[in-house]
Protein chains: 2
Amino acid sequence: MSRYDPSAFPPFAVTVDLVVLTVREHALCALLVRRGEPPFQGYWALPGGFVRPDEGLAEAASRELSEETGLRAHPMPGQGAAGGPVDGVHLVGAHTAGAHLEQLATYGHPQRDPRMRVVSVAHLALAPDLPTPRPGGDASSARWAPAGELIGQSPADGVPLAFDHGKILADGVERARSKIEYSSLATAFCPPEFTVGELRQVYEAVWGVALDPRNFHRKVTGTPGFLVPTGGTTTRQGGRPAQLFKPGGATVLNPPMLRPES
Amino acid sequence: MSRYDPSAFPPFAVTVDLVVLTVREHALCALLVRRGEPPFQGYWALPGGFVRPDEGLAEAASRELSEETGLRAHPMPGQGAAGGPVDGVHLVGAHTAGAHLEQLATYGHPQRDPRMRVVSVAHLALAPDLPTPRPGGDASSARWAPAGELIGQSPADGVPLAFDHGKILADGVERARSKIEYSSLATAFCPPEFTVGELRQVYEAVWGVALDPRNFHRKVTGTPGFLVPTGGTTTRQGGRPAQLFKPGGATVLNPPMLRPES
DNA sequence: GTGCTTATCGTCAGAGAGACGACTATCATC
DNA sequence: GATGATAGTCGTCTCTCTGACGATAAGCAC
């Protein structure tokens, strides 16, 4: 069985790759960076990089996210059981609301990188709309791309991503789509204070469906601990002034938001 | 940013660890093996081992499972999107029903193994009650242990597991508990043909609650594609003869089975 | 047969969701 | 200032599903 033979083990490279999602202009978008060197030179890829010898996986993901977006991380307490196997991490940028980071899955096909054996621990980050996608200072080397076009739900399938990043992105989008059903994670896409209508637009963008504003309003305001009114109002969406809310303490939604069957 | 510098990368050992769950005597049990060498010599641990240079992660998990339990694996088609990010694999043993294998999460804390930097990709396997836990041929080196006692839900907390395997086991149990809510995975704990009562006992053992037999019967027989009657009956549970069923094609349960709150 | 066990069908009340009507409050424009 | 457009918020009705639980069926041990 030779379990754990420390003298001779096959060496692997371990990386983290990030699926960073946000909602911009009513569409779910993913952060991509352009590869400057082979393999897949010139292709778009997910941001990521090597795990350093002395850092953990979540730590590496948090560091990479910070390098790519400027978001800084601090641990989000009390998420252990509810947040799934790997605890979520809450991220706070200098001028933005919190974000969410969690482990997604690990990809280790022997030939996924032609240079060597690389195992990538993919992470999923949900962020509010970042004013400037200032990734690395070089604007042409990074962009927000509509997720629907990248995962084959649009006629223009677009250029494929480097490595197996198309598959990783699709898995991340599916995770986000299912997770906002039964958790309050959709608020991670919103600014610190938001209206019910803005939250509904998040659901509509992530799921790609239209939701009834009245039923949605009843549902989210009627779920204890989901939303807390801040007292303020805003008219930034036009129309009648809307109440402003911030996320309540609840992390799980019971009963869940139901995604309409298409 | 130095993304992917193939010339110099920190070498990691990559292993797979297995959370193998089954239901025996109305209790959820996990497969443990005894460590014969340091560190944690004499401790119980999850089965697992190194990923070989030319095999994928699921492949390695499947191989380890086969070595430990005798279950053989073959791919389970058509599970891609519904089964989550990482496809499930269906396992078939010589004399038993199918089993289920899926990636759980990856654990890579820098100090989780005192000898070297080890990243472990944990997998979750759900198997029907195996007649003989013949792990490696040495009966004293492996056992089925009640999961409740191992994850701190019982007064006798028992001996802790080696490494971070207690945490991995707890995550696997939680994954199983939540996944049988909205998928048909509970049938993976059952023999090829089973009664509604046997399926109910699986839910009761995994969740640790009592369910109403009448409502459970209505729910599972009323969900299209969940169960298919085979035509036969059995009295192996005593009482009135019960219809035998096999798993239907459905993988997702909509609406889900609701775990009683408490 | 009697009693025990488990399976299976039925009934009823309450919670929650989808469909949609109605009213409110602001802004842009005439 | 009146008018219309836009968006927010409250209600109502119906249907489905669930939880609680009564009732009956069909085996086995004695």
Side-chain angles (χ1 to χ4, degrees), chain A residues 25-26 180-182 190 193-205 207 209-246 250 252-262, chain B residues 25-26 180-182 190 193-205 207 209-246 250 252-262:
Chain A
E25 297 161 11
H26 298 188
I180 64 173
E181 285 190 66
Y182 57 89
C190 293
E193 297 194 352
F194 52 89
T195 70
V196 171
E198 290 165 343
L199 183 62
R200 176 169 48 81
Q201 288 172 7
V202 165
Y203 276 90
E204 292 178 331
W207 286 345
V209 298
L211 300 175
D212 185 283
R214 296 156 292 187
N215 292 337
F216 184 87
H217 188 277
R218 177 183 60 192
K219 172 69 179 176
V220 297
T221 57
T223 299
F226 191 8
L227 300 182
V228 177
T230 66
T233 62
T234 182
T235 61
R236 62 186 174 220
Q237 300 291 311
R240 170 177 163 178
Q243 263 189 110
L244 284 169
F245 294 87
K246 59 183 177 185
V252 289
L253 266 40
N254 200 345
M257 290 284 307
L258 290 183
R259 175 163 27 167
E261 75 266 30
S262 64
Chain B
E25 296 162 11
H26 298 188
I180 64 174
E181 285 189 66
Y182 58 88
C190 293
E193 298 194 352
F194 52 88
T195 70
V196 172
E198 290 165 343
L199 183 62
R200 176 169 47 83
Q201 287 173 7
V202 165
Y203 276 90
E204 291 178 333
W207 285 344
V209 297
L211 300 175
D212 185 284
R214 296 156 291 188
N215 292 337
F216 183 86
H217 189 278
R218 177 183 60 190
K219 172 70 177 173
V220 296
T221 57
T223 299
F226 191 7
L227 300 183
V228 176
T230 67
T233 62
T234 182
T235 60
R236 63 187 176 221
Q237 301 291 311
R240 171 176 164 179
Q243 249 186 302
L244 283 169
F245 294 87
K246 59 184 176 184
V252 289
L253 265 40
N254 201 343
M257 289 285 306
L258 290 182
R259 172 162 35 164
E261 76 269 27
S262 90

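Keep in mind that the numbers below use all heavy atoms, side chains included, and drop hydrogens, waters and symmetry copies. In what follows, every chain begins at residue 1, and chains take the letters A, B, ... in the order their sequences are listed.
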Return the set of residues passing side-chain contact (heavy atoms from CB on, under 4.5 Å) with A/Asn254 (not counting sequence neighbours), or none when no residue passes.
none
Assign A/Arg200 to base, sugar-phosphate, or nothing according to its heavy-atom contacts below 4.0 angstrom with the strands shown.
sugar-phosphate
Can you name the atoms? Protein N/O to nucleotides 3-6 of chain D N/O, anything below 3.5 Å, with the distance.
none

Just to verify, what does A/Glu193 make a salt bridge (Lys or Arg N to Asp or Glu O under 4.0 Å) with, not counting sequence neighbours?
none
Taking 4.0 Å as the cut-off, does a side-chain nitrogen or oxygen of A/His217 come that near to OP1 or OP2 on D/dT9?
yes
Nearest of D/dG8, D/dG27, D/dT18 to any side-chain atom of B/Pro241?
D/dG27
Among all residues two or more places apart in sequence or in another chain, which pass the salt bridge (Lys or Arg N to Asp or Glu O under 4.0 Å) test with A/Arg259?
A/Glu174, A/Glu181
Enumerate the side chain to side chain donor-acceptor pair (under 3.5 Å) contacts for residues 225-236 of chain B, please, sequence neighbours excluded, ordered by first and then second residue.
B/Glu198-B/Arg236
I'd like a list of close polar pairs between nucleotides 11-17 of chain D and the protein, N/O only, cut-off under 3.5 Å.
residue: D/dT12; atom: O4; partner: A/Arg218; partner atom: NH1; Å: 3.3

When the distance from CZ of B/Arg236 to P of D/dC28 is rounded to whole Å, what number comes out?
15 Å
Taking only residues two or more places apart in sequence or in another chain, which ones pass salt bridge (Lys or Arg N to Asp or Glu O under 4.0 Å) with B/Arg218?
none
Among residues at least two apart in sequence or on other chains, which ones pass ring pair (Phe, Tyr, Trp, His ring centres under 6.0 Å) with B/Tyr182?
none
Rounded to the nearest Å, what distance is computed from the CG atom of residue A/Leu211 to the P atom of nucleotide D/dG8?
13 Å
Can you name the residues that form a side-chain contact (heavy atoms from CB on, under 4.5 Å) with B/Gln243, not counting sequence neighbours?
B/Pro229, B/Phe245
Which two nucleotides bound the region of DNA chain C that has atoms under 4.0 Å from heavy atoms of chain A, read 5' to 3'?
C/dA17 to C/dT26
Separation of atom CD in B/Gln243 from atom C1' in D/dG27, rounded to whole Å:
15 Å
Can you list everything that forms a salt bridge (Lys or Arg N to Asp or Glu O under 4.0 Å) with B/Arg240? Sequence neighbours excluded, please.
none
Any residue meeting ring pair (Phe, Tyr, Trp, His ring centres under 6.0 Å) with B/Phe216, in chain and number order, not counting sequence neighbours
B/Tyr203
Under the criterion side chain to side chain contact (heavy atoms under 4.5 Å, CB included), I'd like the reasoning laid out for B/Gln201 against B/Gln237: C-alpha separation, chi angles, the key distance, then a yes or no.
CA-CA 11 Å; B/Gln201 287 173 7; B/Gln237 301 291 311; 3.4 Å; yes
From A/Leu244 CG over to A/Phe194 CZ, what is the distance, rounded to the nearest 0.5 angstrom?
9.5 Å
